Structure formats: structure tokens, C-alpha cells
Colleague: 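This is the structure, below, for whatever I ask next.
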Amino acid sequence: MMDCIFCQIVAGKLPSETLYQDEEVIAFRDIHPLAPTHVLIIPKRHIPSLAQLTDAETPLIGHMAKVANKLAQEEGVAESGYRLVVSSGEQGGQIVPHLHMHLLGGRRLSDKLC
Ligand code: DGP
């Protein structure tokens, strides 16, 4: 999906501050950070949103969470605490139509989820 910004990052056609990658996922810093640590963990293959995840792809979410936990440790926020967010669809606040998980930490996050 070469009209997808995140697919272009995966392909190396758009720059990103990549922190981690393996066969399944890549993680890079959000371009508009909302917290001192704001990293996006995305699948390398184009999956439009959580709502489009197939049964076979379900383990990918666990893998993304595991990578997020590892990055939280590396970023020094594992002990202080952090939040993982997956927005799905328009009313869920998803802007980029490529499944992604936000890792947010490094400051006291709002008690309100929305
Ligand atoms: P969401 O609202 O959940 O779809 O979040 C999309 C996030 O993607 C948003 O926080 C900004 C980030 N983002 C958008 N375009 C780029 C980009 O080209 N590079 C990087 N690093 N982040 C981007």
C-alpha cells in the first residue's frame, strides 16, 4: 500500500527514528509526541485497523504489546508507568489507517481515557 504513510516508513521511503524492528513489526518515535516517550509499534504488513484484524493475525497484537514492554524498559518508563493505546476507526480517533499501537510514558498521564 504505497499510498500509506506507515507502509512507506516500513519500506524505508520515508524517514523515521526507528527503535526496533523484526520480521513482523517496526517501532519508531511519533512525529508529534504527546509525552516524553511516544513510540508507535506497527505491523510491517498493511492491516488497516484493529477492526480488520483476522483470527490468524490476532497473535500479532500480543507481539506488539511485548515489543512495547521491551521499549518501555529501554526508554526508562517501565517502572514509572506507561500506557498502550490502539485507536480504531474514525470515532476511535484513528487518523493513520494502518494498525498501530502508541506507547506513551515519561510523565503523569491523564486519568481520563478520552
Ligand atoms: P492515530 O491518531 O492513532 O492514527 O495516530 C497516528 C500517529 O501517527 C500520530 O500520533 C502522528 C503519527 N504520525 C503521522 N505521520 C507520521 C510520520 O510520517 N512519521 C511519524 N514518525 N509519525 C507519524
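Index from 1, following the sequence. Given the structure is predicted, the values throughout are model-derived calculations rather than measurements. Note that ligands are numbered from 1 as they come in the structure, with each ligand's atoms numbered from 1 the same way. As a basis for the values below, the full set of heavy atoms in this structure was taken, side chains included, without hydrogen atoms, waters or symmetry mates.
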Colleague: Where does the angle between the aromatic ring planes of His38 and His102 fall among parallel (under 30°), tilted (30 to 60°) and perpendicular (over 60°)?
Modeller: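 The rings of His38 and His102 sit tilted, inter-plane angle from 30° to 60°.
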Colleague: Any heavy-atom pair between the side chains of Val10 and His46 that's under 4.5 Å?
Modeller: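 No, their side chains stay 4.5 Å or more apart.
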Colleague: Based purely on interatomic distance, does Ile9 place a nitrogen or oxygen under 3.5 Å from a nitrogen or oxygen of ligand 1?
Modeller: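 Among all N and O atoms of Ile9, none is under 3.5 Å from an N or O of ligand 1.
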Colleague: Which atoms of ligand 1 have any heavy atom of Ile95 under 4.0 Å away?
Modeller: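 Result: 1 (P), 2 (O), 4 (O).
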Colleague: Distance from Leu14 atom CG to Ile31 atom CD1, nearest 0.5 Å?
Modeller: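 Reported value, rounded in 0.5 Å steps: 8.5 Å.
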Colleague: Is there any N or O on Val96 that sits under 3.5 Å from an N or O of ligand 1?
Modeller: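 Between Val96 and ligand 1 (N or O atoms, distance only) the closest approach is under 3.5 Å.
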Colleague: Between Glu24 (side chain only) and Pro43 (backbone N and O only), is there a donor and an acceptor less than 3.5 Å apart?
Modeller: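 Answer holds: no.
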Colleague: Please say yes or no: joined through hydrophobic side-chain contacts below 4.5 Å, possibly via intermediate residues, are Leu103 and Val67 part of one cluster?
Modeller: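 Leu103 and Val67: one cluster.
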Colleague: Is Asp30 in polar range of ligand 1, meaning some N or O pair under 3.5 Å apart?
Modeller: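 So ligand 1 has an N or O lying under 3.5 Å from an N or O of Asp30.
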Colleague: Tell me: protein heavy atom nearest atom 23 (C) of ligand 1, and distance?
Modeller: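 The closest one turns out to be Ile31 CG2, 3.4 Å.
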Colleague: Closest by any non-hydrogen atom to atom 17 (C) of ligand 1: pick that one out of Ile5, Leu40, Leu104, Leu34.
Modeller: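 Minimum heavy-atom distance to atom 17 (C) of ligand 1 goes to Ile5.
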Colleague: If I apply the N/O under 3.5 Å rule, does His102 come out as touching ligand 1?
Modeller: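 There is such a contact, yes.
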Colleague: Below 4.0 angstrom from a heavy atom of Phe28, which ligand 1 atoms are there? Numbered from 1 as shown, please.
Modeller: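 By the 4.0 Å cutoff, the relevant atoms are 20 (C), 21 (N).
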Colleague: Check this for me - ligand 1, Gly93, N or O atoms closer than 3.5 angstrom, yes or no?
Modeller: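 Between Gly93 and ligand 1, an N or O pair is found under 3.5 Å apart.
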Colleague: Quick check: His98 with His100 (ring centres under 6.0 Å apart)?
Modeller: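 So the answer is no for these two rings.
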Colleague: Show which atoms of ligand 1 fall inside a sub-4.0 Å distance from at least one heavy-atom site of Gln94.
Modeller: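 Listed by number with element: 4 (O).
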Colleague: In the protein, what heavy atom is nearest to atom 21 (N) of ligand 1, and what distance, to one decimal place, separates them?
Modeller: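 The answer is Arg29 O, 2.9 Å.
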Colleague: What are the two closest heavy atoms between Phe28 and Thr18, and how far apart are they?
Modeller: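 So the minimum-distance heavy-atom pair works out to CB-CA, 4.0 Å.
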Colleague: Specify the closest pair of heavy atoms between Cys7 and Met2, including all atoms of both residues, with the distance to one decimal.
Modeller: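 In terms of heavy atoms, the two residues are closest at O-CE, 4.1 Å.
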Colleague: I'd like to check which ligand 1 atoms, numbered from 1 as shown, lie under 4.0 Å from a non-hydrogen atom of His100.
Modeller: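 It comes down to these atoms of ligand 1: 1 (P), 3 (O), 4 (O), 5 (O), 6 (C).
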